[in-house]
Amino acid sequence: MLEIIDLEIKIEGFELRLEKNIIINSFEKVLITGQNGAGKSVFLYSILNMIKSRKGTILINGCPNDGSGWQKYVGAYLDQYFLIPHLRPIEHLKYVGMLKMVNGTLFNDVMKTAIDRLGFDVFQNRFIRELSEGNRKKLGLISSLIGTPQLLLWDEPFSSLDDKSKESLINLIKDLKKHTVLYSEHLSVFECPHDRRLEVLNGIVRDSKRIRC
Amino acid sequence: MLFNKVSFMLRQESYLFVRNKVTKIYSIGSFIALILSVFLLFILRKAQIPMSVNQDILALFIVGGHIYIYGVYSFSWENSFKKIALNNADYFLLIIWVKVILNFFISSMILVVVGAVFHYKLGEGVKLLIIAWGYSVSIGIWLTLFLTSFQQRFIDLYDDRFVFIRQPPVHILVIATNFLIYIIICKLCRYYSYETNYILIIYSICFIILIVLFPFIIKRITKNLKVFVDA
């Protein structure tokens, strides 16, 4: 699903590299851990080719991430700028649906997930910029699910969520059987569902031993 | 499908103008500038004051003035859109065409309204506006989008912040280059006494140059539009 080969990033004194090449198989749930500023987000942005890497190759379903064609396999929510602030939640979801050419049943399924699993009212008459941080996060996570992408990238999906929503999200991640999920988090590794853990430490991304939850 | 996408995108652009403080102020500012330019050009033509370059520039401000500010800032305020599209080149093409189509409709609408006023009240001055319209919908918009794509500013749409108030050099370059090329075209038109045949020949040559450069322009804009996040 995802191959990261010889990746090396250097930005304004900050360096990030791999201990060894990383290959993530389909349907794996991968947790990325590390201290604040360790480079977890940088790592996720580099997968989306939104940070220029000095060298290395990233292949998503065999497509290099500096070309085109890989976008249809990926759903991502890394920061609030993945949301359009002056739209209402339903307008935003329709916009993402338009980009991913998704409507009808598939689109309704995502909306059902939003309401049932995360308890988010997608029809509320407020602009995204007026939503609370937690609700923005929920909307971002939901919009990344549109088009049932094979690879999901989330940056700290649990932050700003209340306990009930955290629990719902943990269950949702466990139930995403047809997706490969790559997410960073500060929570205890025992709380986060994952098959595998990547640790970012001192600018080096290393593959920790596999833990099955 | 493409039509649906373009109409959907046009609706999104209109949401932006209505719902965002920064874009709302820009729209009102552009409209006031447009009215002032119409008024000034009308006075100059009516009093037959021989300020040809000033009249040319006013005509460009009337029919195509909005494109400079719009072109200069529009790519900047679309960082969110580009992130959502995951830097997809197809999406970049879509937003470029939406802007070109939007500019065509706005410029044409202004030309019809202001041209009708000039024709009714003065009985002349319409040719000047048509030359400006021709420039705005062809070279003007493409040149503006092309140059703008080289320097994008981050605009915080969440906070409606005017972080772009400091004019970076590329923004000045966009306006200066447009004025220069447009004034050369106007000078040529004046040299040939505004004869329709010559105006058509001048614009045909410009159009051919644009078509030749088109693949390069598109390739470069889409390359420049990629979002790169500061770590």
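Below, chains carry the letters A, B, ... as their sequence lines are ordered, and counting in each starts from 1. Just so we're clear, the structure is a prediction, and the values are computed from it rather than from any experiment.
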* Is chain B contacted by the side chain of A:Y95, its backbone, both, or neither, given a heavy-atom distance below 4.5 Å? -> both
* To do: Give, as side chain, backbone, both or neither, the part of A:K94 having an atom under 4.5 angstrom from any heavy atom of chain B.
  => both
* Asked: Parallel, tilted or perpendicular: which fits the ring planes of A:H86 and B:F81, with parallel below 30° and perpendicular above 60°?
  -> tilted
* **With sequence neighbours excluded, residues passing salt bridge (charged side-chain N to carboxylate O under 4.0 Å, His left out) with A:R117** => A:D175
* Report the C-alpha distance between A:E91 and B:R11 in whole Å, list the side-chain angles of each, state the deciding distance to 0.1 Å, and finish with yes or no for salt bridge (Lys or Arg N to Asp or Glu O under 4.0 Å). => CA-CA 11 Å; A:E91 291 168 347; B:R11 202 161 68 225; over 6 Å; no
* Separation of B:I84 CD1 from A:Y77 OH (nearest 0.5 Å) -> 10.0 Å
* Asked: Can you name the residues that form a salt bridge (charged side-chain N to carboxylate O under 4.0 Å, His left out) with A:K112, not counting sequence neighbours?
  -> A:D116
* Sort B:F8 into side chain, backbone, both or neither according to what part of it lies under 4.5 angstrom from a heavy atom of chain A. => side chain
* Got a sec: does the CZ of B:F31 have more than 12 other heavy atoms crowding it under 6.0 Å? -> no
* Report the distance from atom CG of A:N65 to atom CG of B:N87, rounding to the nearest 0.5 Å. => 10.0 Å
* Should the heavy atoms of other residues, nucleotides or ligands under 6.0 Å from CD of A:E130 be counted, would the total exceed 12? -> yes
* Considering all heavy atoms, the nearest A:M50-B:K83 contact -> CE-O, 3.7 Å
* Asked: Looking at A:N49, A:L48, A:V74, which has the largest count of heavy-atom pairs under 4.5 Å with chain B?
  -> A:N49
* To do: Please say whether more than 12 non-hydrogen atoms of neighbouring residues, nucleotides or ligands are located less than 6.0 Å from CD in A:E133.
  => no
* Asked: Which pair of non-hydrogen atoms, one from B:N88 and one from A:Q71, has the smallest distance, and what is that distance?
  -> CA-NE2, 3.5 Å
* To do: Could you tell me which portion of A:L87 (side chain, backbone, both or neither) has an atom closer than 4.5 angstrom to a non-hydrogen atom of chain B?
  => both
* Structure fact -> dist A:S68:OG -> B:L86:CG (nearest 0.5 Å) comes out at 12.5 Å
* **Heavy atoms of other groups near B:F146 CZ, more than 12 under 6.0 Å** => yes
* **Over 12 foreign heavy atoms within 6.0 Å of CG, A:N202** => no
